[in-house]
Enquirer: 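Structure provided below as structure tokens; questions to follow.
Computed from heavy atoms alone, side chains included, the values below leave out hydrogens, waters and symmetry copies. Both counts, for ligands and for their atoms, begin at 1 and track the order of listing.
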Amino acid sequence: MGRLRSVHRCGSCGAATARWAGRCPACGEWNTLAEEVVSEGAQAPFRGSGIGEGTALPVPLCSVDLSGAAPRPTGLAELDRVLGGGFVPGSVSLLGGEPGVGKSTLLLQVLRSVAETGSVVVLVSAEESSAQVRLRAERLGPVPPTLLLLEETDVRAVAGTVEATTPALVVVDSIQAVADPNTAGLPGGVPQVRACAEYLVRLAKRHEVAFVLVGHVTKDGALAGPRVLEHLVDTVMTVEGDRHHALRLVRATKHRFGPTGELGLFAMGDAGLAAVTDPHRLLLGDRRPGTPGSAVLAAMEGQRALLVEIQALWAPASSDSAPPRRSAQGVDAGRLALLLAVLEQHAGMVLGRTDVFASAVGGIRVTEPAADLALVLAVASAVTQTALAPDVVAFGEVGLGGEIRRVPQAERRLSEAARIGFRRAFVPLSCPDGPPGIELLRVESVAEAAALALADVGARSGTGHRLSA
Ligand code: TYD
Ligand code: MG
């Protein structure tokens, strides 16, 4: 072993610097550097090897054996869709998400499903006790005997289990709770998380076993782990959703074996996560058509079109001195502020002394610019107290000049809207023709869109806000 020295490693990007600093010089994140002791010998694996010493020979790419690369289905169709078939033997996947979102539940269901085919699967539980895991598993149904449990926090103990049981799948819950006895630092810290993940990646490759690691992330991304881990693993998946709503979205943000645009939809219920095949029932089920402040967005999540209700509410600002309140849930707060400014400038709406609340309904987050037009229409509808027609959807990006800009995958959005029963769509001027059964209302500007949408239907109750267009 070489001489020991200390470096400062960034918990966000993994870069090492000699000196501590408040801000990581590599990625610019604040307060992410933590001290780590490294061996200099281990840092220089190539020292002393001159050119020409290597004996490894390349092979023709077309002759590489593919038999091990076939994904193995998990039996959960929504997850298999995200993974492009299932988990690949020898691969390591990371499943990230906020605490309580349903990571352990989803993976327990995967383990049960694979175990039901007769394969041995192992859950390494480092966070919950065996009894807790059994209670949760029994909530989901009878537990197959080939689902094995290892309550363990020492990552090196996993190797013995893998050798003794040759499982098809191993889940480690979570990577922040296991530790490598040969590495310094607390579990969950960057050195530990990295050492444990590197160890498990080697183990997975050596035994051709698919591993899934659970990784917690907090809202501000402060926890060391997933971002460092992303480089080490083959697949990064996330579970998203609002804990107070049933809908859960699973997607792959990195995937070495397949697509990354696919979205899996689940609903959290009494018996765990159930596949959602008709998301509009969950997302639009409680909509009250004809209510001011509501607009339906034809959104895209990956390759999947979703109809999402966008709601807005306004109230006179509570104080003359304080700035008016702007609250955004499930939509981007910065985007909302920008769109309100566009409405003032380009549609003649007076919003300066108005509190505005906007949200996407159903616990879903819409971040794509295509949501702009629906958000603008929801706000315009709220402040004029004029309901939009119940059969219209909208999508389009709003530019700073008030113009409505083209967005991708218009055909898919329109097809899904038509399938669910919407008959008209506010779309950008350049939008290509849609499927039969849905009329396109092509609009050039927010002023035109708001005027057209609000003149369409609904009773006006004077609010003091006017539209100039
Ligand atoms: P969990 O899988 O423990 O989340 P994570 O591992 O991401 O921290 O999910 C916990 C939440 O899910 C908890 O609030 C209870 C809820 N839940 C259900 O609603 N139904 C169920 O059948 C199960 C098992 C959990
Ligand atoms: Mg958990």
Enquirer: Give every pair made of an N or O atom of ligand 1 and a protein N or O atom lying under 3.5 Å apart, one pair per line with both atom names and the distance to 0.1 Å, or write 'none'.
Expert:
residue	atom	partner	partner atom	Å
ligand 1	2 (O)	Ser104	N	3.3
ligand 1	2 (O)	Thr105	N	2.8
ligand 1	2 (O)	Thr105	OG1	2.6
ligand 1	2 (O)	Arg136	NH1	3.2
ligand 1	3 (O)	Arg136	NH1	2.9
ligand 1	3 (O)	Arg136	NH2	3.3
ligand 1	4 (O)	Gly102	N	3.1
ligand 1	6 (O)	Ser104	N	2.9
ligand 1	6 (O)	Ser104	OG	2.7
ligand 1	7 (O)	Val101	N	3.4
ligand 1	7 (O)	Gly102	N	3.0
ligand 1	7 (O)	Lys103	N	2.8
ligand 1	7 (O)	Lys103	NZ	2.8
ligand 1	8 (O)	Gly100	N	2.6
ligand 1	20 (N)	Arg139	NH2	3.3
ligand 1	20 (N)	Gly269	O	2.6
ligand 1	22 (O)	Gly269	O	3.4
ligand 1	22 (O)	Asp270	O	3.0
ligand 1	22 (O)	Gly272	N	2.7

Enquirer: So, is the end of the Arg72 side chain (NZ or CZ) under 6.0 Å from the ring centre of Phe87 and within 45° of the ring's axis?
Expert: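 Not flagged: Arg72 not positioned over aromatic ring of Phe87.
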Enquirer: Where the side chain of Arg326 meets the backbone of Pro323, is there a donor-acceptor pair that is under 3.5 Å apart?
Expert: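 Pair absent, no side-chain N/O of Arg326 close to backbone of Pro323.
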Enquirer: Tell me which donor-acceptor pairs under 3.5 Å the side chains of residues 289-310 have, and how far apart each pair is, sequence neighbours excluded?
Expert:
residue	atom	partner	partner atom	Å
Thr291	OG1	Arg288	O	2.7
Ser294	OG	Glu309	OE2	2.7
Glu301	OE1	Arg251	NH1	2.5
Glu301	OE1	Arg251	NH2	3.0
Gln303	OE1	Gln409	NE2	3.3
Arg304	NH1	Glu78	OE1	3.1
Arg304	NH1	Leu263	O	3.0
Arg304	NH2	Val276	O	3.4
Glu309	OE2	Gln311	NE2	3.2

Enquirer: Closer than 2.8 Å to the Mg ion (ligand 2), what protein N/O/S atoms do you find?
Expert: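 N, O, S partners closer than 2.8 Å: Ser104 OG.
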Enquirer: Evaluate the side chain to side chain contact (heavy atoms under 4.5 Å, CB included) criterion for residues Asp332 and Leu336: first the C-alpha distance (whole Å), next the side-chain angles of each, then the deciding distance (0.1 Å), finally the verdict.
Expert: CA-CA 6 Å; Asp332 188 66; Leu336 175 64; over 6 Å; no
Enquirer: Kindly indicate, with the supporting measurements, whether the criterion side-chain hydrogen bond (donor to acceptor under 3.5 Å, both in side chains) is fulfilled by Glu151 and Ser125.
Expert: CA-CA 5 Å; Glu151 190 187 327; Ser125 181; over 6 Å; no
Enquirer: Please tabulate, for side-chain N and O atoms in residues 184-193, each donor-acceptor pair with protein atoms closer than 3.5 Å (sequence neighbours left out).
Expert:
residue	atom	partner	partner atom	Å
Gln192	OE1	Asp180	N	2.8
Gln192	NE2	Asp180	O	3.2
Gln192	NE2	Thr183	O	2.8
Gln192	NE2	Gly185	O	3.4

Enquirer: Salt bridge between Arg423 and Asp391, side-chain N to carboxylate O under 4.0 Å?
Expert: no
Enquirer: For His8 and Thr17, what are the C-alpha separation, side-chain angles and deciding distance, and is it a side-chain hydrogen bond (donor to acceptor under 3.5 Å, both in side chains)?
Expert: CA-CA 5 Å; His8 292 86; Thr17 53; 5.2 Å; no
Enquirer: Are any of the side-chain heavy atoms of Lys103 and His216 separated by less than 4.5 Å?
Expert: yes
